[in-house]
Amino acid sequence: MTVILLVLLWNTFQIWLVSGVVSRVDKYNLGSVEEMGQVVGDVKMFAEDLNEIRRFLLLPERQYGLGEEGMGEEGAAEQEPTNAVALYAFLDGLKKERAVEQNRSAAQPIFDAFLAREDLSATLEQVALSLGERADLQVKLLDQAAKNADGTANENFGLPLFSLVFSPEENLFRLQSALGDQQFKDYTAENFGAEVLAYLTGNAAAARQKKVQDVLAAQQALEEAARRETEMLEDRKQELHDLVSDPAFVDTLTGLGLKVAAEPRQEINKQIYDVLDEGGRVKFSLALEVSSGMIKVLRDNQEIDLKSFLEETGSKKKPW
């Protein structure tokens, strides 16, 4: 009887321990469930906000899979780009195309009216400009000044100094010149044409001078680049000459029964020093490739970059 009582007490104690563990697990799970519920609630609120935005943009609402029904194949598919999205992208492109055509239609009569202004020719003549090529809502204004401000001949005579261009995507006119772009957004205003002429009158001389300066700067840049290239080429030629004249190199060749030709020979894009055997036959050559500045070994109808011999094998480029 005593033994049975002890067994019952021990079993009761074990059940109490297990129930305590289960209770703690239940409390933990309950907390996790509550936290997960809060997260799902926040996501649902976010989804509602997204649908409000889609309604504002006149887009169809979407059902975001947040419950058990959204976790299957249909829910996963909903997260992927759909044909509906692509369709609305296509419609958006159509809207933009329509807007561009509407902008063109609105700008055309204004552009025509500007070119038909009674004071246009007189104003252009005043600043030594003339109408040039016209096409598709744009016209070039040609420079008619025979001389620059300093009295020198104007090398830009007859070339475009300004271009009046309409941009249907931006829905504005702009005057393009060496000074940069001057935009005219409110081209439907009554004083649009007068503003364009006023800008031309006030800036023609500055645009002409800036264009002269730009041409001069470009010429100077080209001259400086050519000078640097010439200096670099001369440096490379001197480097090759120093290599073939180096006493150690000459002594090594002599030990091999070879010698360097007295003068280099010229080929297209190359300056070449031939290395000859005792019979005057070319065994190999050292060449400077002018275009790249690379020094190469010419041997067996192959061009080999000299620096490649620092590696295990030379890197052959091409036959010559």
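These values consider heavy atoms only, across backbone and side chains, with no hydrogens, waters or symmetry-generated copies. By convention here, the first residue in the shown sequence is residue 1. Small disclaimer: the values here were computed from a predicted structure and weren't measured.
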Distance in Å, Phe284 CZ paired with Leu253 CG, rounded so as to fall on 0.5 Å steps: 5.5 Å
Any residue meeting side-chain hydrogen bond (donor to acceptor under 3.5 Å, both in side chains) with Ser163, in chain and number order, not counting sequence neighbours: none
From Ser285 atom OG to Ile272 atom CD1, the distance as rounded to the nearest 0.5 Å: 6.0 Å
Short N-O contact, Asp305 and Lys307, less than 4.0 angstrom: no
Charged N-O contact under 4.0 Å between Glu133 and Lys140: no
Partner of Tyr273 under side-chain contact (heavy atoms from CB on, under 4.5 Å), chosen from Val260, Leu298, Leu288: Val260
Test side-chain hydrogen bond (donor to acceptor under 3.5 Å, both in side chains) applied to Gln144 - qualifying residues, sequence neighbours left out: Ser130
Counterpart residues, side-chain contact (heavy atoms from CB on, under 4.5 Å), relative to Gln238 (two or more places apart): His241, Asp242
Pairs meeting criterion side-chain hydrogen bond (donor to acceptor under 3.5 Å, both in side chains) with involvement of residues 198-208, two or more places apart: Asp143-Arg208
Separation between CG of Asn154 and CG of Leu159, rounded to the nearest 0.5 Å: 8.0 Å
Any residue meeting ring pair (Phe, Tyr, Trp, His ring centres under 6.0 Å) with Phe173, in chain and number order, not counting sequence neighbours: Phe166, Tyr187, Phe192
Any residue meeting side-chain hydrogen bond (donor to acceptor under 3.5 Å, both in side chains) with Thr188, in chain and number order, not counting sequence neighbours: Asp186
Rounded distance [0.5 Å steps], CD in Glu195 versus CG in Leu200: 12.0 Å
Verdict with reasoning, Ser105 to Gln102, per side-chain hydrogen bond (donor to acceptor under 3.5 Å, both in side chains): CA-CA 5 Å; Ser105 298; Gln102 289 176 339; over 6 Å; no
Atom of Ala149, atom of Gln209 and distance for their closest heavy-atom approach: CB-OE1, 4.4 Å
side-chain contact (heavy atoms from CB on, under 4.5 Å) partners of Val139, counting only residues at least two apart: Phe111, Leu115, Leu131, Arg134, Leu164
Glu170: partners by side-chain contact (heavy atoms from CB on, under 4.5 Å), with sequence neighbours left out: Ser167, Leu172, Arg174
Side-chain ion pair, Glu303 and Lys270, N-O less than 4.0 Å: yes
Spacing of Glu169 atom CD and Glu97 atom CD [to the nearest 0.5 Å]: 11.0 Å
Main-chain N/O of Gly280 paired to Asp277 side chain as donor or acceptor, under 3.5 Å: yes
Least distance between heavy atoms, Leu286 atom then Val297 atom: CD2-CG2, 3.8 Å
Under the salt bridge (charged side-chain N to carboxylate O under 4.0 Å, His left out) test, residues paired with Glu231 that sit two or more places apart: Arg227
Minimum heavy-atom distance between Gln271 and Gln266, given as atom pair plus value: NE2-NE2, 3.1 Å
Lys/Arg N to Asp/Glu carboxylate O, Glu101 vs Arg98, below 4.0 Å: no
Salt bridge (charged side-chain N to carboxylate O under 4.0 Å, His left out) partners for Asp214, two or more places apart: Lys210
Residue list, side-chain contact (heavy atoms from CB on, under 4.5 Å) with Asp150, at least two apart or on another chain: Asn148, Thr152
Nearest-0.5 Å distance that lies between atom OH in Tyr88 and atom NZ in Lys95: 11.0 Å
Distance-only polar pair, side chains of Thr123 and Gln126, donor-acceptor under 3.5 Å: no
Residues forming a salt bridge (charged side-chain N to carboxylate O under 4.0 Å, His left out) with Lys283, sequence neighbours excluded: none
